[in-house]
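Data block below; observations after.
Order of the sequence lines sets the chain letters (A, B, ...), proteins ahead of strands, with each chain counted from 1.
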Amino acid sequence: MSQKALELFQARFPEDVISSGSALGNEWARVKPARIAEMAAFLKNDPSLDMKLLSDLTAVDYLHYNPDKPLDLEDPERFEVVYSFASISTKQRLRLKIRVGGENMTIPTIAFVYRTANWWERLVFDFYGVKFEGHPHLRRILTYDEFKGHPLRKDYPVHLRQPLIPERNVQDLVRGPGPGRSDRHTPFSQRPGSRPNTRSDAYD
Amino acid sequence: MSNFQLEQRQKSPAPVDALSHEEELPTEPMTLNLGPSHPATHGTVRIVAELDGEIIKKTDLEVGFLHRGFEKSAENSTWTQVLPYTDRLNYVSPLLNNVGYVMAVEKLIGIKDPERSQYIRVIAGEMSRMTDHLTCVGAMSLELGGFAGFLYGLEARELLWDRITELTGARMTTSFTRVGGVVNDIPPGWPEKVRATLQRVAELREEVDKLLTKNRIFVDRTKMTGVISAEDALDYGFTGPCLRACGVDYDVRKAYPYLVYDRFDFTVPLGTNGDNFDRYLVRVEELRQSERIILQALEQIPEGPIIVDDWRWALPPKADVYGSIEGAMAHFKLIMEGIKVPPGEVYSYTEGGNGELGWFIVSNGTGRPYRMHVRAPGWPILSALPHMIEGKLLADLIPTFDSINMIGGEVEQ
C-alpha cells in the first residue's frame, strides 16, 4: 500500500535502516535510534510523503515473546518502540521501529517535531521505562509519581498492588482489598516450589 | 452582540477592560484546581490552572484517575475475553470499540466476516456513533446552562439504547461482536422499530439544533473560543470530528473504507474555524449522516450467516457442540485455550466516536494477545487542551473541555 513511502525513506536514510518489510498492508522499517528526530522531520516535511499525522507511538516488551529463549532482563533488544506515521493527503502509512534495552536505554525525543509525541513518550516512559532524551518534562502520566516499576513490562506481576495509603487488613472474597499474605509482592513464579515463569501464557 | 463586537472578540479573546484593569492594579497569580470531579465538567481529569484575574496563564493536566490497566489485563486474557474490556473504553459508543477490536484481530488472522454481519456491524456502530454525539452535544448544552438541550439529547440517546438493548442485550456493556462475525442476528420486527426510533431521534435532534444553534448565550460562549488551527490540530494528532471542525477532510470511513462503508451515500461535514461552535455543528451534522447510513443499510442488508463457519476462530453452533465430537472439541479448545491467532503484528484503524480508533496488536501464536495497545482518539485531543485554553478566559475552558468530548474510559484506559 505504501511501498513508495518506504522506498523514499530508505533512499534518504540508507545507513540507519536495519531491516524493513511489509505485512498485512502495513509497511515498516527497523531503524537505529540516533537520528529518529531527523527521520520524523523528513517524513513530516517531505512533500511527496507529507506525513503530518503521528497517529500512534507505543512500545512492546519482547521478554517472553519466544518461549524457548532464556529470559534476559538486560537484553539490548528487549523493548521495541513503535512509531506510526500517517499522511492525510497521500493516504500512505509507515511504521518505524526501534529496539532498545539494558540499564540506561534512551531514545532522542521527537516531541519537538510532533507535539502529540509529548504525551505518547510520557506514556511509554511510564509503562516501560524507556527514556526519551531531550523531552521537555519526562514524568509519569497515568500512574502517580510514587509508583515503583513500570507496569506493562512483562516481568511486572499482574496482581501487584501499590496503594498510596495503607490498606485495611480486610480480605475481599476474591483477592482484596487488604494487604493479603506476606509474600504478596513476590510473583507466583518466584515463590518457593514453583517453576520459573518462562512461558508467555503462564502469568503471575 | 453586534458585528463590530464579534470582530473585536475574534481579534482578542480577552475583554478589553480586563486587560486595562490588570495594568492599574498589582495582581498575583492564583492557582485553581478544577476536578477531578467538578459539576461543570464530566470525566475525571484534574486541571490545575494558574489564573491571572480571569485569564488562564498556564495549565497542567493530571490524568489517570480512571486508569485500570486495560492493556495489561488484555495481555493476560484470551482474545475473546478482551471484548468486555473494550466496552469500557469509550463507554458511550461501546459497539464501535467492539467492531474496531475484532476487525484488528481479523486483519491479523486474515479472515473477513460474512456480509450480513458487516451490515449489522455498520448499523450497530452508527447507532453507537449517534449516542456518542448526542451525549457530547447534550452534555455541552447542560454545562453551558441549557438543561433542556440535555434532556432532549438524552431522550434520543435512551431511545437508541433501547434498540441496542433489543439487539445485544445490554445498553452499554454490549460485547456484541466476535472474531469472524457478531453474536446475534437482528430480532424480528427490529428494522421497523429502528426506523420509527430514527424518526423520533430526528425530531429531537432538530429540537436540540433549534435550541442551541441560534441561541445567543450558547453561540457567544462557543464561537471563536477554544480555537485550534488545522496545522496545530494535525500536529497534536487530532482525528475525527475535532479535526474535521478545523476543515481537514479526514474520515477513516471515506479515506480507507472498511466493512461496507463504500456502498453508502453519505457526506463528511467539515467546519472552518476549528472552534467549539464548529465542533458542535460537525457533531450535529454527523448525526444526520449516521441516520442516512443506517436507513440505507437497513434497505441493503442481505440474508445469510452472521458468523464465519470456521471452527478455528468462531464457536461452533450449539447443535454441533452437543451432537458431534468435533464440535465439542472445537468448543472446548476455543474456550479453554483461546483462538490461536497466528504470530505477527498489525495496526488496524477504524473511525470511532471521537476519531481514529487504532489497535496495535502483537501476537506470538499462543491463545493470548502478546501486546495490545489501543490508540484512543481522545488521548491526543486531550493533550492539546492546554494549547487551546492558555491565554484565554477561564469561562472558555468549560465549552472547550465539553466540545473535545473527553471520555475518561478510553483516554485513561
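- Comparing A:Tyr156, A:Trp120, A:Phe127, A:Tyr114 by heavy-atom pairs within less than 4.5 Å of chain B, the highest count is held by A:Trp120.
- Counting non-hydrogen atoms of neighbouring residues, nucleotides and ligands closer than 6.0 angstrom, the NZ atom of B:Lys254 exceeds 12 such neighbours.
- Inter-residue side-chain proximity for A:Val82 and B:Tyr347 is flagged as unmet; no heavy-atom pair is nearer than 4.5 Å.
- Among B:Gly365, B:Gly110, B:Gly355, B:Gly64, the residue making the largest number of heavy-atom pairs under 4.5 Å with chain A is B:Gly64.
- For the pair A:Ile88/B:Val248, a side-chain contact is recorded, criterion being any heavy-atom separation below 4.5 Å from C-beta on.
- More than 12 heavy atoms of other residues, nucleotides or ligands shown are found within 6.0 angstrom of CZ on A:Phe147.
- Separating the CH2 atom in B:Trp379 from the OG1 atom in A:Thr116 is a distance of 9.5 Å, to the nearest 0.5 Å.
- For B:Lys340, the NZ atom is densely surrounded, since the number of other residues' heavy atoms within 6.0 Å is greater than 12.
- In this structure, the side chains of B:Asp235 and A:Lys52 stay at 4.5 Å or more apart for every pair of heavy atoms.
- With B:Arg371 contributing its side chain and A:Tyr62 its backbone, the two residues share no donor-acceptor pair below 3.5 Å.
- Put simply, CG on A:Leu24 and CG on B:Leu108 are 6.0 Å apart, with the number rounded to the nearest 0.5 Å.
- Rounding to the nearest 0.5 Å places CD of B:Glu75 at 9.0 Å from CG of A:Asp61.
- Judged by distance alone, with hydrogens and angles left aside, the side-chain atoms of A:Lys154 form a donor-acceptor pair with the main-chain N or O of B:Tyr370 at under 3.5 Å.
- In terms of non-hydrogen atom pairs under 4.5 Å with chain A, the most contact-rich of B:Asp60, B:Asp249, B:Thr239 is B:Asp60.
- Note that OG of A:Ser89 is 11.5 Å distant from OH of B:Tyr250, once rounded to the nearest 0.5 Å.
- Between the CG atom of A:Asp56 and the NE2 atom of B:His373 there is a distance of 3.5 Å, given to the nearest 0.5 Å.
- When A:Ala86, A:Ala23, A:Ser84, A:Ala59 are compared by the number of non-hydrogen pairs under 4.5 Å with chain B, A:Ala59 comes out ahead.
- Side-chain contact check for B:Arg375 versus A:Leu57: every heavy-atom pair is 4.5 Å or farther apart.
- Scanning all heavy atoms of the two residues, the minimum distance from A:Ser55 to B:Glu356 falls at CB-OE2, 3.6 Å.
- Heavy atoms of A:Arg139 lying under 4.5 Å from chain B belong exclusively to its side chain.
- In this structure, chain B has no heavy atom under 4.5 Å from any part of A:Ala117.
- Put simply, the side chain of B:Lys72 never gets that close to the backbone of A:Pro157: no donor and acceptor are under 3.5 Å apart.
- For a residue to count as touching a neighbouring chain, one of its non-hydrogen atoms must lie under 4.5 Å from one of that chain's; by this rule B:Gln413 touches chain A with the side chain only.
- A:Tyr65 contributes a side-chain N or O that, together with a main-chain N or O of B:Ser363, makes up a donor-acceptor pair within less than 3.5 Å.
- Looking at heavy atoms from C-beta onward, A:Leu53 lies out of side-chain contact with B:Phe238 at the 4.5 angstrom threshold.
- One distance of note links CG of A:Leu142 with CG of B:Leu66; it measures 10.5 Å at 0.5 Å rounding.
- A:Glu80 is not listed as a side-chain neighbour of B:Val362, based on a closest heavy-atom distance of 4.5 Å or more.
- Ring centroid separation for the pair A:Tyr144 and B:His67 does not come in under the 6.0 Å cut-off.
- Using a 4.5 Å cut-off between heavy atoms, A:Val113 touches chain B through its backbone atoms (N, CA, C, O) alone.
- Between B:Ser383 and A:Trp119, the closest heavy-atom pair is CB-CD2, 3.3 Å.
- The cationic group of A:Arg95 does not satisfy the cation-pi geometry with B:Phe360, failing either the under 6.0 Å distance to the six-membered ring centre or the 45° limit from the ring axis.
- Using a 4.5 Å cut-off between heavy atoms, A:Trp28 does not touch chain B at all.
- Residues B:Glu412 and A:Ile141 fail the side-chain proximity criterion, which asks for heavy atoms closer than 4.5 Å.
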